[in-house]
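Read the structure below first, then the notes.
As a basis for the values below, the full set of heavy atoms in this structure was taken, side chains included, without hydrogen atoms, waters or symmetry mates. For ligands, and for the atoms within them, numbers begin at 1 and follow the listed sequence.
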Amino acid sequence: MGRRTFIIDCDTGTDDAIAIIAALYSKDMEVVALTSVNGNVAHQYTSKNNLNLVEYLKADQVLVAKGAEIPLYPRGNYYGTTHGQTGLGTITLPEAKIRTFCEDNAIEMIRKEAKKQKGNLELLVIGPMTNIAMAISLYPEIISEIKHIWFMGGAVRGGNVTTTAEFNIWVDPVAAKIVINSGIPMTMVGLDVTERAILNRDDEQRVRKAGTKASILVADILEYMFSRHSEGGEDAMMHDALALAAAIYPECLTCIDYYVDVECEGVYTAGHTMVDVRGKLGKKPNVSVAVDLDINKFKEWLIGCIESSV
Ligand code: RIB
Ligand code: CA
(Lines give C-alpha, C1' and ligand atoms only; values in the text may rest on other atoms or scores of the structure.)
(Ligands and ions follow the chains in the order given, each with its own letter.)
Protein backbone atom coordinates (compact mmCIF):
# COMPACT_ATOMS: atom_id res chain seq x y z
CA MET A 1 0.00 0.00 0.00
CA GLY A 2 1.34 3.46 -0.97
CA ARG A 3 1.74 6.34 1.40
CA ARG A 4 -1.51 7.64 2.80
CA THR A 5 -2.46 11.23 1.94
CA PHE A 6 -3.46 13.71 4.65
CA ILE A 7 -4.47 17.29 5.09
CA ILE A 8 -3.63 18.61 8.56
CA ASP A 9 -6.17 21.19 9.77
CA CYS A 10 -4.58 23.03 12.66
CA ASP A 11 -4.60 26.04 14.97
CA THR A 12 -0.84 25.98 15.02
CA GLY A 13 0.28 26.42 18.48
CA THR A 14 3.04 24.57 20.22
CA ASP A 15 1.66 21.04 20.28
CA ASP A 16 0.26 21.40 16.76
CA ALA A 17 3.76 22.29 15.55
CA ILE A 18 5.25 19.15 17.12
CA ALA A 19 2.54 17.00 15.50
CA ILE A 20 3.12 18.65 12.11
CA ILE A 21 6.88 18.08 12.34
CA ALA A 22 6.39 14.41 13.25
CA ALA A 23 3.97 14.05 10.32
CA LEU A 24 6.37 15.70 7.86
CA TYR A 25 9.05 13.13 8.67
CA SER A 26 6.81 10.09 8.90
CA LYS A 27 7.42 7.55 6.13
CA ASP A 28 3.81 6.33 6.36
CA MET A 29 2.08 9.49 5.22
CA GLU A 30 2.21 12.30 2.71
CA VAL A 31 1.03 15.67 4.02
CA VAL A 32 -0.48 17.37 0.97
CA ALA A 33 -1.50 20.53 2.81
CA LEU A 34 -1.72 22.42 6.06
CA THR A 35 -4.98 24.34 6.52
CA SER A 36 -5.17 26.87 9.33
CA VAL A 37 -8.00 27.80 11.66
CA ASN A 38 -8.18 30.24 14.53
CA GLY A 39 -7.97 28.64 17.94
CA ASN A 40 -4.93 28.65 20.20
CA VAL A 41 -4.16 32.12 18.88
CA ALA A 42 -5.68 34.43 16.26
CA HIS A 43 -5.73 33.16 12.69
CA GLN A 44 -3.14 35.74 11.56
CA TYR A 45 -0.63 33.78 13.68
CA THR A 46 -1.81 30.20 13.12
CA SER A 47 -1.66 30.69 9.36
CA LYS A 48 1.76 32.36 9.42
CA ASN A 49 3.14 29.68 11.74
CA ASN A 50 2.25 27.08 9.11
CA LEU A 51 3.87 29.04 6.28
CA ASN A 52 7.02 29.81 8.28
CA LEU A 53 7.26 26.19 9.41
CA VAL A 54 7.13 24.67 5.91
CA GLU A 55 9.72 27.14 4.63
CA TYR A 56 11.98 26.68 7.67
CA LEU A 57 11.89 22.89 7.26
CA LYS A 58 11.97 23.05 3.44
CA ALA A 59 8.74 21.07 3.16
CA ASP A 60 8.35 22.39 -0.36
CA GLN A 61 5.66 19.88 -1.40
CA VAL A 62 3.28 20.86 1.38
CA LEU A 63 0.65 23.41 0.37
CA VAL A 64 -0.47 26.01 2.92
CA ALA A 65 -4.02 27.39 2.87
CA LYS A 66 -5.78 29.88 5.10
CA GLY A 67 -9.05 28.96 6.81
CA ALA A 68 -11.64 30.35 9.15
CA GLU A 69 -10.74 33.38 11.25
CA ILE A 70 -13.73 33.03 13.57
CA PRO A 71 -15.86 30.06 14.72
CA LEU A 72 -19.32 29.45 13.21
CA TYR A 73 -20.75 30.75 16.50
CA PRO A 74 -18.34 33.55 17.48
CA ARG A 75 -17.14 33.42 21.06
CA GLY A 76 -15.31 36.75 21.17
CA ASN A 77 -11.70 36.89 22.30
CA TYR A 78 -10.79 33.75 24.18
CA TYR A 79 -7.08 33.51 23.41
CA GLY A 80 -5.16 32.44 26.45
CA THR A 81 -1.44 32.45 27.18
CA THR A 82 -0.81 28.71 26.84
CA HIS A 83 0.87 29.11 23.46
CA GLY A 84 2.21 32.64 23.92
CA GLN A 85 1.17 35.62 21.80
CA THR A 86 2.11 34.13 18.41
CA GLY A 87 1.29 30.49 19.11
CA LEU A 88 4.86 29.17 19.27
CA GLY A 89 5.61 30.40 22.76
CA THR A 90 8.90 32.27 22.90
CA ILE A 91 10.10 30.81 19.60
CA THR A 92 10.28 33.05 16.55
CA LEU A 93 10.69 31.25 13.23
CA PRO A 94 12.23 33.21 10.32
CA GLU A 95 9.51 34.95 8.31
CA ALA A 96 8.76 33.01 5.12
CA LYS A 97 10.36 34.80 2.14
CA ILE A 98 9.72 32.29 -0.63
CA ARG A 99 6.64 30.30 0.28
CA THR A 100 3.22 31.92 -0.10
CA PHE A 101 -0.31 30.93 0.82
CA CYS A 102 -2.33 29.06 -1.80
CA GLU A 103 -4.96 31.03 -3.64
CA ASP A 104 -7.45 28.38 -2.53
CA ASN A 105 -8.73 28.83 1.01
CA ALA A 106 -8.92 25.85 3.37
CA ILE A 107 -12.44 24.90 2.30
CA GLU A 108 -11.54 24.83 -1.41
CA MET A 109 -8.30 22.99 -0.60
CA ILE A 110 -10.21 20.26 1.25
CA ARG A 111 -12.81 20.02 -1.53
CA LYS A 112 -10.26 19.79 -4.34
CA GLU A 113 -8.02 17.29 -2.53
CA ALA A 114 -11.00 15.10 -1.59
CA LYS A 115 -11.94 14.86 -5.25
CA LYS A 116 -8.33 14.43 -6.41
CA GLN A 117 -7.59 11.63 -3.91
CA LYS A 118 -10.73 9.77 -4.98
CA GLY A 119 -11.80 8.58 -1.53
CA ASN A 120 -8.31 8.21 -0.08
CA LEU A 121 -7.95 11.61 1.60
CA GLU A 122 -7.63 11.50 5.38
CA LEU A 123 -7.95 14.56 7.64
CA LEU A 124 -5.91 15.10 10.79
CA VAL A 125 -7.96 17.74 12.64
CA ILE A 126 -6.12 19.21 15.59
CA GLY A 127 -7.91 22.50 16.18
CA PRO A 128 -11.50 23.74 16.20
CA MET A 129 -13.49 22.07 13.40
CA THR A 130 -14.75 25.20 11.65
CA ASN A 131 -13.05 24.53 8.28
CA ILE A 132 -14.24 20.92 8.13
CA ALA A 133 -17.83 21.87 8.98
CA MET A 134 -17.83 24.60 6.34
CA ALA A 135 -16.33 22.28 3.70
CA ILE A 136 -18.89 19.50 4.18
CA SER A 137 -21.75 22.00 4.49
CA LEU A 138 -20.83 23.80 1.26
CA TYR A 139 -19.87 20.59 -0.59
CA PRO A 140 -21.76 17.64 0.98
CA GLU A 141 -20.62 15.41 -1.89
CA ILE A 142 -17.14 15.25 -0.31
CA ILE A 143 -18.53 13.44 2.76
CA SER A 144 -18.30 10.16 0.84
CA GLU A 145 -14.85 11.07 -0.46
CA ILE A 146 -13.14 11.61 2.92
CA LYS A 147 -11.72 8.29 4.07
CA HIS A 148 -11.28 9.08 7.77
CA ILE A 149 -11.08 12.00 10.18
CA TRP A 150 -8.62 11.67 13.05
CA PHE A 151 -9.31 14.46 15.52
CA MET A 152 -7.89 15.74 18.76
CA GLY A 153 -10.82 16.99 20.75
CA GLY A 154 -13.38 16.36 23.45
CA ALA A 155 -13.22 13.92 26.32
CA VAL A 156 -15.28 11.09 27.75
CA ARG A 157 -14.95 12.79 31.12
CA GLY A 158 -14.19 16.40 32.01
CA GLY A 159 -12.77 19.32 30.13
CA ASN A 160 -9.88 21.79 30.07
CA VAL A 161 -11.84 24.97 29.36
CA THR A 162 -14.91 24.26 31.49
CA THR A 163 -15.70 21.30 33.71
CA THR A 164 -17.20 19.51 30.70
CA ALA A 165 -15.62 20.94 27.53
CA GLU A 166 -12.26 20.52 25.82
CA PHE A 167 -10.82 23.56 23.98
CA ASN A 168 -11.09 22.48 20.31
CA ILE A 169 -14.75 21.52 20.73
CA TRP A 170 -15.56 24.41 23.09
CA VAL A 171 -14.29 27.04 20.60
CA ASP A 172 -16.69 25.84 17.90
CA PRO A 173 -19.25 23.32 19.22
CA VAL A 174 -21.60 23.93 16.27
CA ALA A 175 -18.86 22.94 13.82
CA ALA A 176 -17.98 19.89 15.90
CA LYS A 177 -21.64 18.82 15.96
CA ILE A 178 -21.86 19.11 12.16
CA VAL A 179 -18.68 17.09 11.63
CA ILE A 180 -19.32 14.39 14.24
CA ASN A 181 -22.83 13.82 12.85
CA SER A 182 -21.64 13.79 9.21
CA GLY A 183 -21.27 10.01 8.91
CA ILE A 184 -17.58 10.29 7.96
CA PRO A 185 -15.59 7.50 9.68
CA MET A 186 -13.70 9.13 12.54
CA THR A 187 -11.52 8.64 15.56
CA MET A 188 -11.65 10.91 18.59
CA VAL A 189 -8.47 11.41 20.63
CA GLY A 190 -9.60 13.32 23.70
CA LEU A 191 -8.20 14.56 26.97
CA ASP A 192 -8.73 11.14 28.61
CA VAL A 193 -5.55 10.03 26.82
CA THR A 194 -3.84 13.24 25.63
CA GLU A 195 -3.42 14.64 29.16
CA ARG A 196 -1.33 11.54 29.90
CA ALA A 197 0.83 11.96 26.79
CA ILE A 198 3.45 14.10 28.55
CA LEU A 199 7.08 14.42 27.48
CA ASN A 200 9.79 15.17 30.07
CA ARG A 201 13.30 16.61 30.12
CA ASP A 202 14.93 13.25 29.30
CA ASP A 203 12.76 13.12 26.17
CA GLU A 204 13.75 16.68 25.31
CA GLN A 205 17.45 15.88 25.72
CA ARG A 206 17.09 12.84 23.46
CA VAL A 207 15.31 14.89 20.80
CA ARG A 208 17.84 17.71 21.01
CA LYS A 209 20.71 15.24 20.69
CA ALA A 210 19.44 14.21 17.23
CA GLY A 211 20.78 17.61 16.21
CA THR A 212 18.63 18.23 13.15
CA LYS A 213 16.86 21.53 12.41
CA ALA A 214 13.50 19.88 13.09
CA SER A 215 14.58 18.06 16.26
CA ILE A 216 16.15 21.19 17.73
CA LEU A 217 12.95 23.13 17.01
CA VAL A 218 10.91 20.43 18.79
CA ALA A 219 13.34 20.53 21.73
CA ASP A 220 13.01 24.32 21.91
CA ILE A 221 9.20 24.05 21.90
CA LEU A 222 9.42 21.45 24.68
CA GLU A 223 11.72 23.79 26.62
CA TYR A 224 9.05 26.51 26.35
CA MET A 225 6.40 24.05 27.55
CA PHE A 226 8.50 23.09 30.59
CA SER A 227 9.00 26.75 31.53
CA ARG A 228 5.25 27.35 31.04
CA HIS A 229 4.54 24.45 33.39
CA SER A 230 7.03 25.71 35.97
CA GLU A 231 4.98 28.93 36.08
CA GLY A 232 1.74 27.03 36.67
CA GLY A 233 0.77 26.50 33.01
CA GLU A 234 0.06 23.32 31.09
CA ASP A 235 2.72 20.58 31.05
CA ALA A 236 4.27 19.27 27.81
CA MET A 237 1.12 17.45 26.76
CA MET A 238 1.32 16.05 23.24
CA HIS A 239 -2.43 16.45 22.55
CA ASP A 240 -2.10 16.78 18.77
CA ALA A 241 0.80 14.36 18.23
CA LEU A 242 -1.34 11.69 19.90
CA ALA A 243 -4.07 12.27 17.33
CA LEU A 244 -1.38 11.73 14.67
CA ALA A 245 -0.34 8.53 16.44
CA ALA A 246 -3.95 7.30 16.33
CA ALA A 247 -3.73 7.55 12.55
CA ILE A 248 -0.29 6.09 11.87
CA TYR A 249 0.73 4.25 15.05
CA PRO A 250 -2.56 2.97 16.54
CA GLU A 251 -0.68 0.29 18.52
CA CYS A 252 -0.15 2.85 21.28
CA LEU A 253 -3.88 3.44 21.83
CA THR A 254 -6.97 1.46 22.77
CA CYS A 255 -10.14 2.67 21.03
CA ILE A 256 -13.79 1.72 21.52
CA ASP A 257 -16.70 2.57 19.18
CA TYR A 258 -19.32 4.72 20.88
CA TYR A 259 -22.19 7.00 19.88
CA VAL A 260 -20.93 10.57 20.30
CA ASP A 261 -22.71 13.89 19.94
CA VAL A 262 -21.95 17.49 20.94
CA GLU A 263 -23.88 19.74 23.31
CA CYS A 264 -23.86 23.33 21.99
CA GLU A 265 -25.90 24.93 24.75
CA GLY A 266 -25.69 25.44 28.49
CA VAL A 267 -23.53 27.43 30.87
CA TYR A 268 -21.84 24.26 32.10
CA THR A 269 -22.24 22.07 29.01
CA ALA A 270 -21.61 24.03 25.80
CA GLY A 271 -18.83 22.22 23.94
CA HIS A 272 -19.32 18.93 25.79
CA THR A 273 -18.74 15.72 23.82
CA MET A 274 -21.46 13.35 24.96
CA VAL A 275 -19.97 9.83 24.76
CA ASP A 276 -22.65 7.17 25.31
CA VAL A 277 -20.33 4.68 27.04
CA ARG A 278 -23.28 2.63 28.36
CA GLY A 279 -25.16 2.56 25.06
CA LYS A 280 -28.18 4.05 26.84
CA LEU A 281 -29.42 5.84 23.72
CA GLY A 282 -29.43 2.68 21.63
CA LYS A 283 -27.86 4.61 18.73
CA LYS A 284 -25.32 3.13 16.31
CA PRO A 285 -21.76 4.10 17.30
CA ASN A 286 -20.39 6.86 15.02
CA VAL A 287 -16.95 7.48 16.52
CA SER A 288 -13.99 5.32 17.56
CA VAL A 289 -12.95 6.86 20.89
CA ALA A 290 -9.44 6.52 22.34
CA VAL A 291 -9.81 5.31 25.93
CA ASP A 292 -6.32 4.12 26.89
CA LEU A 293 -2.69 4.90 26.05
CA ASP A 294 0.58 2.99 26.22
CA ILE A 295 2.76 6.01 27.03
CA ASN A 296 6.08 4.22 26.50
CA LYS A 297 5.09 3.00 23.05
CA PHE A 298 3.82 6.49 22.16
CA LYS A 299 7.01 8.22 23.33
CA GLU A 300 9.28 5.77 21.51
CA TRP A 301 7.28 6.29 18.31
CA LEU A 302 7.10 10.10 18.52
CA ILE A 303 10.76 10.58 19.44
CA GLY A 304 11.69 8.07 16.72
CA CYS A 305 9.75 10.13 14.13
CA ILE A 306 11.55 13.30 15.18
CA GLU A 307 14.98 11.64 15.40
CA SER A 308 14.49 10.45 11.81
CA SER A 309 14.10 14.05 10.59
CA VAL A 310 16.85 15.05 8.15
O1 RIB B 1 -7.32 20.93 24.24
C2 RIB B 1 -6.10 20.73 23.55
C3 RIB B 1 -6.22 21.19 22.14
O4 RIB B 1 -6.47 22.59 22.12
C5 RIB B 1 -4.92 21.02 21.33
O6 RIB B 1 -5.24 20.81 19.98
C7 RIB B 1 -4.23 22.34 21.49
O8 RIB B 1 -3.35 22.64 20.39
C9 RIB B 1 -5.41 23.27 21.46
O10 RIB B 1 -5.76 23.48 20.11
CA1 CA C 1 -4.28 22.26 18.26
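- No side-chain donor from either of N181 and N286 sits under 3.5 Å from a side-chain acceptor of the other.
- Salt bridge status for E223 with R228: absent, with no side-chain N to carboxylate O gap under 4.0 Å.
- The contact set between ligand 1 and N160, taken as ligand atoms under 4.0 Å from a residue heavy atom, comprises 1 (O), 2 (C).
- The minimum heavy-atom distance between L63 and C102, with the atom names listed, is CB-SG, 3.6 Å.
- Protein heavy atom nearest atom 6 (O) of ligand 1, with residue, atom name and distance: D240 OD1, 2.6 Å.
- Within the coordination shell of the Ca ion (ligand 2), defined by N, O or S atoms under 3.0 Å, D15 is absent.
- The residues R4 and E122 are annotated as salt-bridged, a charged nitrogen and a carboxylate oxygen being separated by less than 4.0 angstrom.
- Contact detail for G89 and T14: the closest heavy-atom pair is N-CG2, 4.0 Å.
- For atom 8 (O) of ligand 1, the closest heavy atom belonging to the protein is D15 OD1, 2.6 Å.
- A salt bridge between E108 and K112 is absent, with no side-chain N of the basic residue lying under 4.0 Å from a carboxylate O of the acidic one.
- Ligand 1 has no nitrogen or oxygen under 3.5 angstrom from a nitrogen or oxygen of L191.
- Between S47 and V64, the closest heavy-atom pair is O-CG1, 4.4 Å.
- Contact atoms of ligand 1 toward M152: 2 (C), 3 (C), 5 (C), 6 (O) (distance under 4.0 Å to a heavy atom of the residue).
- Considering backbone and side-chain atoms alike, H239 places every N or O at 3.5 Å or more from each N or O of ligand 1.
- The distance from ligand 1 to the heavy atoms of N40 drops below 4.0 Å at these ligand atoms: 7 (C), 8 (O), 9 (C), 10 (O).
- At a heavy-atom cutoff of 4.0 Å, ligand 1 is contacted by no atom of T14, backbone or side chain.
- Protein heavy atom in closest approach to atom 1 (O) of ligand 1: E166 OE2, 2.5 Å.
- Among the atoms of A19, none of the N, O or S atoms falls under 3.0 Å from the Ca ion (ligand 2).
- In D11, the N, O or S atom that comes nearest to the Ca ion (ligand 2) is OD1.
- Ligand-side atoms of ligand 1 in range of D16: 8 (O), range being under 4.0 angstrom from any heavy atom.
- Taking each heavy atom of V275 and V156 in turn, the nearest pair found is CG2-CA, 4.1 Å.
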